[in-house]
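Presented below is the structure to which this report refers.
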Amino acid sequence: MGMDFGAAPLIAFDVLDLLGAFAFGLSGALVAVRRDFDVVGIAVLACCTAFGGGLIRDVLIGDIPPVAFTDLRYLVTALVAALVVFLWHPPERVRRVPLTLVDAMGLGLYCVTGAVKAASFGLGPVPSALMGVTTAVGGGMLRDVLAGLQPSVLRRDSELYALPALVGAGAASLLFYTGAYNWWTGALAALGAIVLRLLAVRYHWSAPRALRRQGGES
Amino acid sequence: MGMDFGAAPLIAFDVLDLLGAFAFGLSGALVAVRRDFDVVGIAVLACCTAFGGGLIRDVLIGDIPPVAFTDLRYLVTALVAALVVFLWHPPERVRRVPLTLVDAMGLGLYCVTGAVKAASFGLGPVPSALMGVTTAVGGGMLRDVLAGLQPSVLRRDSELYALPALVGAGAASLLFYTGAYNWWTGALAALGAIVLRLLAVRYHWSAPRALRRQGGES
Amino acid sequence: MGMDFGAAPLIAFDVLDLLGAFAFGLSGALVAVRRDFDVVGIAVLACCTAFGGGLIRDVLIGDIPPVAFTDLRYLVTALVAALVVFLWHPPERVRRVPLTLVDAMGLGLYCVTGAVKAASFGLGPVPSALMGVTTAVGGGMLRDVLAGLQPSVLRRDSELYALPALVGAGAASLLFYTGAYNWWTGALAALGAIVLRLLAVRYHWSAPRALRRQGGES
């Protein structure tokens with residue numbers, strides 16, 4: 001319904017979107033383990049993180065009921081991610097690295113698929129890019145709020161988070177509107193956002209804080 | 001609109017759904033009292049808890065505007081629950097018991113009505129069961145996030161919470177799709193979920209946590 | 001679509017709604033500065049606060065995709081608010097006053113525009129007033145939850161918050177249904193809610209807490 005793009009982009013959308021669900025499912029499950037939740041909590045947080053961004057996107061563009069509820073591959077994907085983390089998860093001292101990695105993957109994949117789905121539902125280029133960012137940061141926000149953590153997108157020690165999503169979503173929106181969106185270009189846009197995010201983490205790129213007054217009274 | 005089930009199940013749905021709103025309204029109000037909110041805060045948290053699950057359900061299945069806004073019985077029900085708790089509420093040392101009780105009631109009732117309403121809007125059996133769980137845990141999640149508490153569904157010391165909802169929602173979905181859903185079977189499914197939840201609390205049933213590595217480094 | 005009210009109320013709606021977005025954008029940005037977020041965090045929290053209430057309203061009344069995504073004036077308004085706070089923001093010791101002021105403005109403007117938009121989408125007078133309150137408190141709730149603060153509407157030391165919104169939304173709903181809604185009466189209803197909120201803050205008006213039992217054991 002409203003999906004007016006051809007078969008190849010559709011498959012590209014599907015594969016990337018399920019990969020995004022898997023990556024965010026892992027990230028939700030890893031946060032759940034860090035917070036010492038039980039297996040049910042791990043499954044619930046994996047689902048909330050994997051579906052959060054897509055649910056928000058689907059509600060906002062009017063794709064009701066959302067695919068996460070009707071296409072059971074999403075549920076299976078999130079539960080597999082939860083199971084993987086339940087059975088095997090890195091010890092405390094090295095947990096930050098895989099969490100950062102899968103979270104960046106979810107961010108990069110969802111910013112692209114969010115923008116493309118919004119565009120395919122008729123939103124213009126700029127709204128589609130915005131929707132891509134919303135899809136990308138929504139799942140992680142929900143994960144962090146439910147786990148009682150400050151959302152990644154606002155965390156002070158978390159380097160650039162929203163900007164890589166904006167770059168990826170903008171590129172995806174552009175690709176879609178120039179008819180150049182397919183499996184490869186979509187994956188490339190996602191990869192660009194992921195690499196940008198990981199570079200920001202690696203080199204501690206961060207945005208400036210609000211200008212302070214003299215005397216540091218602020 | 002979309003409600004293609006007969007009059008008897010419809011009444012069953014209505015009664016159970018309003019009972020769910022009342023139970024979650026009480027639970028929201030009790031949490032508000034525990035957090036020392038004023039009467040407005042009690043009313044707001046009662047409404048958020050009573051309407052949260054149903055709102056999420058209605059938005060996700062496309063019943064817009066949601067019944068909580070158009071059918072004023074829901075508002076009155078939530079406000080009566082708030083008033084009851086405002087006028088009479090158990091002292092601190094015995095407050096945990098009634099809160100657990102009414103929260104289990106809300107959980108059991110909403111998992112059934114959420115699944116049945118989703119099914120009546122055309123969702124398949126598995127998506128309907130998922131929607132029932134979402135309806136059941138949504139209100140309590142919103143209550144806990146707004147009150148600055150860890151959501152029940154993830155809390156470590158809260159024994160099985162999502163699983164009883166899944167059992168009740170699965171049963172309700174099955175009843176609906178076999179044409180056996182009515183006041184009595186619906187109430188029975190809700191009762192099953194409630195009893196399961198209370199047994200889990202009573203006997204401290206809990207799900208396993210993620211497998212740990214040797215040496216407890218995890 | 002669905003907007004069946006004339007041109008003058010429409011302009012009134014637009015101006016007041018954008019003013020509300022600006023006020024809540026400022027309030028989100030001020031909270032972000034208080035929490036020491038960087039410029040991206042300031043922009044994100046300004047957008048979440050400015051769009052939160054309107055998004056909830058649009059989703060609940062079925063105006064999909066929400067105006068915040070399709071009408072780019074909202075994005076520009078929120079980003080300008082973020083920029084203003086980024087460049088100039090009051091020092092710590094006087095920050096509470098401007099935050100209270102712009103938050104009250106957002107509250108007053110959104111309760112009116114939320115009620116009017118709901119009414120123009122066909123909701124009855126009481127549901128429209130409820131929707132106005134939801135629009136008014138939604139953005140601030142999202143802001144506070146994301147920033148890890150207790151929502152204003154529930155905070156104990158925050159005097160009446162939901163009641164001024166209810167008064168403003170009720171007045172706006174009444175004005176709409178009596179055909180008396182226009183730029184001036186709408187602005188007056190918003191002003192009434194703002195003044196009521198500020199008086200409550202100034203004179204520490206607060207609602208009673210739950211009745212306590214003898215001995216203060218509660």
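In this text, all values refer to a predicted model and were calculated from it rather than measured experimentally. Proteins get letters first, then strands, A, B, ... in listed order; numbering begins at 1 in each. Every heavy atom of this structure was used, including side-chain atoms; hydrogens, water molecules and symmetry mates were not.
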Residues of residues 48-60 of chain C within contact distance of chain A, non-hydrogen under 4.5 Å: Cys48(C), Leu55(C), Val59(C)
Proximity breakdown for Ile61(A) and chain C, heavy-atom pairs closer than 4.5 Å: backbone
So, do Ser128(A) and Phe69(C) sit near enough that their side-chain heavy atoms are less than 4.5 Å apart? no
Please give me the minimum heavy-atom distance between Phe37(C) and Leu154(A), naming the atom from each residue. CD2-O, 3.2 Å
Closest non-hydrogen atoms of Ala162(A) and Val44(C), given as atom of the first, atom of the second and distance, are CB-CG2, 4.2 Å
For residues Val40(C) and Ala207(A), report the shortest heavy-atom separation together with the two atoms involved. CG2-CB, 3.7 Å
Just checking heavy atoms, which of residues 132-149 of chain C are less than 4.5 Å from chain A? Val145(C), Leu146(C), Ala147(C)
